[in-house]
Structure formats: C-alpha cells, structure tokens
Amino acid sequence: MSRKRNYISPKRRRYRCIRHVMLLILILLIAALFGIFVRQKKTEANAEKAEKAKFEAEASKADRKKEQENAAKEQKAAKEEVAAREEEAAKEQKAREEAETNNKDTQTAKNTATEENHKTNGLAICMYHYVYDKNKPPKEKLNSNFIEVHALEEELKYLTENNYYFPTWEEVRKYVEGDLLLPEKSVVLTFDDGAYSFLNLGVPLFEKYKVPVTSFLIGNIEGDKKVEKYASDYMTFQSHSYNMHRGGGNIGHGGIFPVMEHDEAVADLKKSIEIGGNGDAFAYPYGDYNDSCVQAVKDAGFMCAVTTEYGRANPGDDPLLLPRIRMSMGQSLESFKKLVE
C-alpha cells in the first residue's frame with residue numbers, strides 16, 4: 001500500500017519536471033525583466049541627471065552671459081557717463097570762453113587810460129534795484145528803488161553812444177589798489193536782489209546795447225531757477241548772500257549778517273557763490289556790515305564787495321568796502337550824466 005502511494009508515473013514526473021523548468025524560466029524572466037527595469041530606471045536617472053547637469057550648465061552659462069552683459073552695460077554706462085561729463089565740461093569751457101569773448105565785445109571802448117589821460121575823480125559803481133514799465137505799472141507800490149524801463153534805456157544808450165568803458169571786478173580791484181588806470185569814461189552798473197522786474201525788463205536792454213551788468217542775487221529766492229532761466233552774455237550773477245537778506249541784526253538796517261557766527265556766514269557766502277556761479281563781487285545785505293562781516297567775505301574768497309554808502313571808488317579804498325552811487329526813480333538823464341562822469 002505504501003509503495004503504491006510513493007510511486008510516480010513517468011508521465012507525472014515529466015510534467016513535474018516541465019513545471020519546474022517553467023518556474024525556473026519564469027523566475028529567470030522575472031529577474032531579467034527586473035534587471036531591465038532597474039537598468040531602465042538607472043538610465044532614466046542618469047539621463048535626468050545629465051539633463052539636469054546640462055540645464056545647470058546652460059543656466060550657469062546664461063548667468064555668466066547675463067553677468068557679462070550687465071558688466072558690459074555698466075562699463076558702457078560708465079563710459080557714457082564719463083563721455084557725458086567730458087562733453088558737459090567741454091561745453092562749459094566753451095561757454096566760458098565764449099562768455100569771455102562776449103564780455104570783451106561788450107566793452108565798447110578799449111582801456112585807453114594813460115598817465116596823462118585817465119580817470120581822476122573816482123569810479124562810479126551804480127546801484128539799481130528794480131525796473132518797471134509806466135505803460136504796464138506793477139501791482140506793488142513803487143518806491144525810489146525803481147527805475148522806469150524807458151529811462152534805463154536812455155541811460156544805456158547814452159553810455160554806449162559816448163563809448164563808456166565797463167571795467168570787470170578784477171579791474172576794479174586793481175584800480176582801487178593802484179595797479180591799474182581807467183579811462184575817464186568808466187562806469188560799473190549793478191542791480192541788487194536779482195528781482196524778476198530787472199530780469200524780465202532790464203536784462204533785454206543790456207543785451208540790446210551790449211552793456212555788461214552785475215546782478216547781485218539773493219540765492220535762496222529761487223536763485224537756481226533764475227540762474228538757469230536768465231543766463232546772459234551781458235549779465236553776471238554775483239552774490240547778495242544766500243540767506244542773509246533778512247532781519248535779526250543790531251546795527252544799520254538790522255540785517256542778520258553782523259551777528260552771524262563766522263563759519264555759518266562763510267558757509268552761506270560759499271553757497272551763494274555755488275548758486276550764482278561767480279565769486280568776484282559781493283553786496284552786503286541792507287548795506288550792513290562790521291569787521292567780522294568783512295573777514296567772512298574775505299575768507300569766502302571774494303575779490304570785491306560793495307556797500308550802500310554813497311560815493312565813488314578811488315585808489316586806496318578797501319576793495320571789500322567799496323561805496324556806490326544810488327540810482328533813484330525819476331532822476332533825469334542830465335542827473336545821471338553828472339553821477340557817472
């Protein structure tokens with residue numbers, strides 16, 4: 001009974017063998033497929049890694065390119081800025097040269113002074129303030145500091161027709177220091193405050209007659225705007241301070257300059273020079289000054305300074321305390337001639 005149960009027929013053994021072989025083949029097939037799958041995944045991973053490396057390399061290359069482009073742009077911008085500055089400097093230099101040429105042209109008479117024939121009665125530095133047109137009177141109340149535009153034109157016409165000489169501030173200083181002679185017909189024209197009435201009505205006349213004039217500008221009253229808008233070959237902005245044309249002092253008309261600290265005053269003066277673009281001459285606000293004011297003007301680097309004290313400038317005068325002759329509303333042409341001759 002036992003032997004019968006353990007007996008396996010040949011057919012059954014073949015079937016079992018075939019089954020084992022099939023199982024082995026299946027296992028091998030599964031192993032092969034798994035290997036293929038693993039290799040595929042590994043290939044994909046390597047491809048992805050390579051793609052990522054390629055992307056990173058391209059990104060890095062793009063970044064480097066962008067950096068190079070930015071560096072090139074910055075370099076180009078820097079070169080353009082330098083070129084622009086050089087061009088601006090060249091323009092300014094050309095403008096200065098043209099202004100110097102024009103200023104020479106404006107002096108309708110040459111300095112013909114000689115030892116035998118020169119000005120001996122002092123130089124008139126005329127002090128004006130505001131201009132008005134009688135045909136279009138201003139809303140503000142007129143006072144003695146105004147001159148009618150047609151009267152101003154008569155005066156300029158007289159000066160040009162009689163070949164008056166208009167010395168520069170450098171020449172004025174040399175004159176009072178005794179180092180320069182001036183022609184008998186010499187005069188300096190100045191307008192205080194840099195008022196719009198003068199800029200709008202007066203400057204066109206000076207351009208028409210090619211006569212140089214100084215505008216003593218108050219820097220904090222739209223100084224930058226006025227300098228930019230009213231630049232002229234025949235009008236030079238000089239300093240009337242930046243912010244000293246106000247009360248607070250204790251002498252004269254009560255201007256603040258005499259009581260200011262030295263460094264504060266010098267800083268104000270230098271700022272006014274920066275705005276006006278010139279440091280040749282200074283006009284004391286309200287005409288008020290003391291020794292400390294004169295020292296501040298000197299330390300700020302001014303060549304000349306004018307007061308409101310009446311008189312002509314003469315050799316021996318302090319170039320930082322020059323007197324002037326006030327021009328008043330209603331003065332006749334005959335009065336003007338006597339004041340400047």
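- Considering only heavy atoms from C-beta on, L199 comes within 4.5 Å of M235 through its side chain.
- Side-chain atoms of Y289 and E309 include a donor-acceptor pair closer than 3.5 Å.
- V188 is listed as a side-chain neighbour of P167, based on a closest heavy-atom distance under 4.5 Å.
- Side-chain contact between E184 and N117 is present, with at least one heavy-atom pair separated by less than 4.5 Å.
- More than 12 non-hydrogen atoms from other residues, nucleotides or ligands lie less than 6.0 angstrom from NE2 of H262.
- E261 CD: 12 or fewer foreign heavy atoms inside a 6.0 Å radius.
- For the side-chain contact (heavy atoms from CB on, under 4.5 Å) with Y284, the lone residue among V294, V306, T308 that qualifies is V294.
- A ring-centre distance under 6.0 Å is not found for Y164 and F166.
- A donor and an acceptor atom, one from each side chain of N143 and Y130, are nowhere located under 3.5 Å apart.
- Atoms CG and CZ, from D193 and F198 in turn, are 11.0 Å apart once rounded to the nearest 0.5 Å.
- Taking the side chain as every heavy atom from C-beta outward, N145 and R326 approach each other to under 4.5 Å.
- A pairwise comparison of heavy atoms in V187 and C126 identifies CG2-SG, 3.8 Å as the closest pair.
- Both L159 and V149 sit in one connected hydrophobic cluster of ILVMFWY residues. Membership requires side-chain heavy atoms under 4.5 Å apart, directly or through other members.
- One finds no salt bridge joining K157 and E153 here, because no Lys/Arg side-chain nitrogen approaches an Asp/Glu carboxylate oxygen to under 4.0 Å.
- Residues A124 and V340 approach most closely at CB-CA, 4.0 Å, considering heavy atoms.
- To the nearest 0.5 Å, atoms CD (E154) and NE2 (H150) are separated by 9.5 Å.
- Environment of CD in Q295: crowded, with over 12 heavy atoms of neighbouring residues, nucleotides or ligands closer than 6.0 Å.
- Rounding to the nearest 0.5 Å gives a distance of 11.0 Å between CD1 of I221 and CD1 of I275.
- Between L269 and M244, the closest side-chain pair of non-hydrogen atoms falls below 4.5 Å.
- In this structure, E341 places its CD atom where more than 12 heavy-atom neighbours from other residues, nucleotides or ligands lie under 6.0 Å away.
- The line from OH of Y175 to CG of L182 is 6.0 Å long, rounded to the nearest 0.5 Å.
- Using a 4.5 Å cut-off between side-chain heavy atoms of Ile, Leu, Val, Met, Phe, Trp and Tyr, with links allowed through other members, V213 and Y196 fall into the same hydrophobic cluster.
- Remark: side-chain polar atoms of N314 are paired, donor with acceptor, to backbone N or O of R312 under 3.5 angstrom.
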Candidate pair N121 and K119, rule side chain to side chain contact (heavy atoms under 4.5 Å, CB included), full reasoning: CA-CA 6 Å; N121 63 339; K119 195 162 190 61; 3.2 Å; yes
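- A pairwise comparison of heavy atoms in R173 and C304 identifies CB-SG, 3.7 Å as the closest pair.
- Across all non-hydrogen atoms, the minimal contact from D192 to R324 is OD1-NH1, 2.8 Å.
- Placement of I125 and L180 within a single hydrophobic cluster is found when ILVMFWY residues are connected by side-chain heavy-atom separations under 4.5 Å, directly or transitively.
- For the residue pair W169/T214, the side-chain donor-acceptor check at 3.5 Å is satisfied.
- A continuous path of Ile, Leu, Val, Met, Phe, Trp and Tyr side chains, each step under 4.5 Å between heavy atoms, connects V131 with L189, placing both in one hydrophobic cluster.
- Salt-bridge check for K338 with E334: failed, with every basic side-chain N at 4.0 Å or more from each acidic carboxylate O.
- Within a 6.0 Å radius of CG in D291, no more than 12 heavy atoms belonging to other residues, nucleotides or ligands are found.
- Ring orientation note: the planes of Y286 and H245 are tilted relative to one another, at an angle of 30° to 60°.
- Cluster annotation: L152 and I325 are assigned to the same hydrophobic cluster (Ile/Leu/Val/Met/Phe/Trp/Tyr, side-chain heavy-atom contacts under 4.5 Å, transitive).
- Across all their heavy atoms, H118 and L181 have their closest contact at CD2-CD2, 3.8 Å.
- The number of heavy atoms from other shown groups lying within 6.0 Å of NZ (K337) is above 12.
- Closest non-hydrogen pair, P183 versus N111, comes out as CD-OD1, 3.3 Å.
- Listed for the E177 side chain is no donor-acceptor partner under 3.5 Å among the backbone atoms of D179.
- Considering only heavy atoms from C-beta on, D317 comes within 4.5 Å of P323 through its side chain.
- Judged by a 6.0 Å distance limit and a 45° cone about the ring axis, K210 is not positioned over the six-membered ring of Y234.
- Using a 4.5 Å heavy-atom cutoff, the side chains of E155 and L333 are in contact.
- If you run side-chain contact (heavy atoms from CB on, under 4.5 Å) between S241 and each of F257, F216, F282, only F282 comes through.
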